[in-house]
Each structure stands twice: as C-alpha cells, then as structure tokens.
A.B. asks: 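The following block contains the structure, expressed as structure tokens.
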Amino acid sequence: MKKIQIMLWALAIVLISSCNFTEEIFLQEDGSGKLSINFDGSELMEMAGEEMMKSNEKAIDSLISFRDMLEEKKDSIAALPPEEQVKLKRLEPFNMHMVMNPEEKLMKFDLFSEFKNVSEVNDAFNAFQGASALGPNSGEGKPAPMGMQDPTTEVHYAFSKNSFSRKAKIIDEELFQQGLDSLQGAEMFLSGSTYTLKYHFPRKVKSTNVEGATFSADGKTMFYEVGFMDLMKNPAALDLEVELEN
C-alpha cells in the first residue's frame, strides 16, 4: 500500500510540474488498439531525487490496475457524492506502469488502456489528471480531493475506413478560464514542456491536415508535437485529420 501512496504522490507532483507528455495510440485495422499517456519525469527526479534518497525511498517498478484499486477503496469511495464517484469510475479501464528510481534519477509513468473501438476511448489526459484523486490525504483513508475537478475539455477520436481524426472541445468555458488563470504563475516554468502525439496506424499515411508532422520510415507512424502551454490555452491545437492509403 505504501508503494501505491508514493506512486500517487509522485503523480500529483507531475501534474503541477514541468511536464513532457506523449499520447500514443496503436491502431489496428478493425479499429481496436491501445491508448496510453507516457510521462518522462527524469528531469523532475534530477531535482527531487537527492531528497528522496535522504528519506531512504526505494526504487519502484510497479503496475497498478485502477479497477483493482477502485475495488479496494470502494467503501471510502461510496461515501463520496455520486458525481465524484462517476469521475473516479472513468479510471476503471486504465492501468498504470510506474518506474521511479531516485538513485538513477528515473521517473516514468505510462497510463494505458486497450479499446475495441477508438471512438469509445475517454480523454486519456483527463483520466491521467483524475488518477491523482486517489492519492493519500491527511490519513483519513479517503481519496484526496485534488485532481477531482470537472474536466473542462473533451477529446473525441474516430476511425472509419481510411480516415482518422482527433478533435477537442471546451465543455465548460468558465472552468476552462479558471484553469488558465491558475497556470499564469507557472507559465514560465511550463514554457519548455511539450505534448506529443505518436500514432501508429495499420497502413501508410497518405495525408494529414497538420503542418510539422513527421513520420517513420515506413510511413505508418506519425509524430506531432506542440508546446504544453499552447495546448492548455487552445485544446484544438492538436486537432487533426489523417487519411490512410487504401
């Protein structure tokens, strides 16, 4: 249990720190596949690693099933308002692999879920934020409130025949603006952070509507990167359409 608490504490730190995320999708011909949010926090560990070593924290290489965790915490979750329970329920399909080694200055997260149809996938980044809601608080055994705020955006994925799309929209303008305001003090700190799309398609990409995208040698994997703050200010910065070859 202590390992889980350490992992979720570290995850909460990630969400308020300089961060480089990679959103990765492995898409099969039938529309099934896997989606993951990868985070490399090794730079953060460079700063925090020595302090963690002083507290004798051990290296961690663990896999968490949120389905199992929600079952484990079901009694305390049942005491939450229904709307909060719904938010936590969104995490159920996800697993998280975490590697944290203070001595080697490593901190890596991979939040992932398999899907039968990409259109059914929830916004993985919102799920990643929600994961910190299960972190320890003052020791009362209840999920901490951090990360449980309502999502301000939604991301929708679609794949049909030769066409794939990713589209985001703001669903609560007021909360969205509040979120931007809260980031103002950290904008300089976050200015070097990135959010990268890494999409593996079953066939070669014929065309895409975004400039600056790069591709693997076989043309089946697309890479596209934007600044993290650019994405926070404009969720549509990663809207894209991709056409595959027949």
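Here the structure is a predicted model, which is why all the values come from computation and not from measurement. Only this structure's heavy atoms are used, side chains among them; waters, hydrogens and symmetry mates stay out.
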A.B. asks: Do Pro235 and Thr152 touch side chain to side chain, with heavy atoms closer than 4.5 Å?
C.D. replies: no
A.B. asks: Taking the side chain as everything from C-beta on, heavy atoms only, tell me whether Glu24 gets closer than 4.5 Å to Lys34.
C.D. replies: no
A.B. asks: For Asn162, give me all partners under side chain to side chain donor-acceptor pair (under 3.5 Å), at least two apart in sequence or on another chain.
C.D. replies: Arg203, Asn246
A.B. asks: Do Ile60 and Phe66 belong together in a cluster built from hydrophobic side chains that touch within less than 4.5 Å?
C.D. replies: yes
A.B. asks: Is there a side-chain contact between Leu35 and Val118 (heavy atoms, below 4.5 Å)?
C.D. replies: no
A.B. asks: As an exercise, state the distance from NZ of Lys220 to CZ of Phe201, rounded to the nearest 0.5 Å.
C.D. replies: 12.5 Å
A.B. asks: Is the closest side-chain heavy-atom distance between Val205 and Leu244 below 4.5 Å?
C.D. replies: yes
A.B. asks: Would you mind reporting whether Thr208 and Phe215 have side-chain heavy atoms less than 4.5 Å apart?
C.D. replies: yes
A.B. asks: A side-chain contact here means heavy atoms from C-beta on lying under 4.5 Å apart; do Lys108 and Asn38 qualify?
C.D. replies: no
A.B. asks: Which heavy atom of Leu175 sits nearest a heavy atom of Asp172, and at what distance?
C.D. replies: N-OD1, 3.0 Å
A.B. asks: Kindly write out the residues that satisfy salt bridge (Lys or Arg N to Asp or Glu O under 4.0 Å) with Glu71, not counting sequence neighbours, or none if the list is empty.
C.D. replies: Lys74
A.B. asks: Under a 3.5 Å threshold, yes or no: a donor from one side chain and an acceptor from the other, between Asn20 and Thr194?
C.D. replies: yes
A.B. asks: I want to check something: taking the side chain as every heavy atom from C-beta on, are Phe115 and Ile25 in contact at a cut-off of under 4.5 Å?
C.D. replies: yes
A.B. asks: What distance separates Ser163 OG from Glu243 CD, expressed to the nearest 0.5 Å?
C.D. replies: 5.5 Å
A.B. asks: Quick check: closest heavy atoms across Asp239 and Ala168, and the distance to 0.1 Å?
C.D. replies: OD1-N, 2.8 Å
A.B. asks: Rounded to the nearest 0.5 Å, what's the gap from CD1 on Ile64 to NE2 on His97? Could you check?
C.D. replies: 10.5 Å
A.B. asks: Compare every heavy atom of Gln85 with every heavy atom of Leu80, then report the nearest pair and how far apart it is.
C.D. replies: O-NE2, 2.8 Å
A.B. asks: How would you list, by chain and number, every residue that makes a side chain to side chain donor-acceptor pair (under 3.5 Å) with Ser165, sequence neighbours excluded?
C.D. replies: none
A.B. asks: Closest approach of Met96 and Leu111, non-hydrogen atoms and distance?
C.D. replies: CB-CD1, 4.0 Å
A.B. asks: State which residues pass ring-ring contact (aromatic ring centres under 6.0 Å, His included) with Phe176; sequence neighbours excluded, sorted by chain then number.
C.D. replies: none
A.B. asks: State whether the side chain of Ser113 and the backbone N or O of Pro93 hold a donor-acceptor pair below 3.5 Å, judged by distance alone.
C.D. replies: yes
A.B. asks: Is Val210 reachable from Tyr195 through a run of hydrophobic residues whose side-chain heavy atoms are each under 4.5 Å from the next?
C.D. replies: yes
A.B. asks: Around atom CD of Glu29, are there more than 12 heavy atoms of other residues, nucleotides or ligands at under 6.0 Å?
C.D. replies: yes
A.B. asks: Can you tell me how far apart OG1 (Thr153) and CD1 (Ile171) are? Round to the nearest 0.5 Å.
C.D. replies: 6.5 Å
A.B. asks: The criterion is side chain to side chain donor-acceptor pair (under 3.5 Å); which residues satisfy it with Lys89, sequence neighbours excluded?
C.D. replies: Glu92
A.B. asks: Aromatic rings Phe164 and Tyr199: how do their planes relate, parallel, tilted or perpendicular, breaks at 30° and 60°?
C.D. replies: perpendicular
A.B. asks: Would you compute the distance between atom CG of Asn95 and atom CE of Met69 and round it to the nearest 0.5 angstrom?
C.D. replies: 10.5 Å
A.B. asks: Would you compute the distance between atom CG of Asn117 and atom CG of Asp30 and round it to the nearest 0.5 angstrom?
C.D. replies: 9.0 Å
A.B. asks: Are Met222 and Leu240 close enough that some pair of their side-chain heavy atoms sits under 4.5 Å apart?
C.D. replies: yes
A.B. asks: Going through the checks in order, is the side chain to side chain contact (heavy atoms under 4.5 Å, CB included) test met by Leu238 and Arg166?
C.D. replies: CA-CA 7 Å; Leu238 284 177; Arg166 180 196 195 275; 3.3 Å; yes
A.B. asks: Kindly write out the residues that satisfy side chain to side chain donor-acceptor pair (under 3.5 Å) with Lys233, not counting sequence neighbours, or none if the list is empty.
C.D. replies: Glu187
A.B. asks: Which heavy atom in Gln28 sits nearest to a heavy atom in Phe159, and how many Å separate them?
C.D. replies: O-CE2, 3.8 Å
A.B. asks: Can you name the closest pair of heavy atoms from Ser36 and Asp110 and give their distance?
C.D. replies: CB-OD1, 3.1 Å
A.B. asks: Looking at Asp218 and Lys204, would you say the former's side chain and the latter's main chain have a donor-acceptor pair under 3.5 Å?
C.D. replies: no
A.B. asks: Check whether Asn209 reaches the backbone of Glu241 with its side chain - one donor and one acceptor, N or O, closer than 3.5 Å.
C.D. replies: yes
A.B. asks: Starting from Val226, can I reach Phe223 by hopping between I/L/V/M/F/W/Y residues whose side chains sit under 4.5 Å apart?
C.D. replies: no
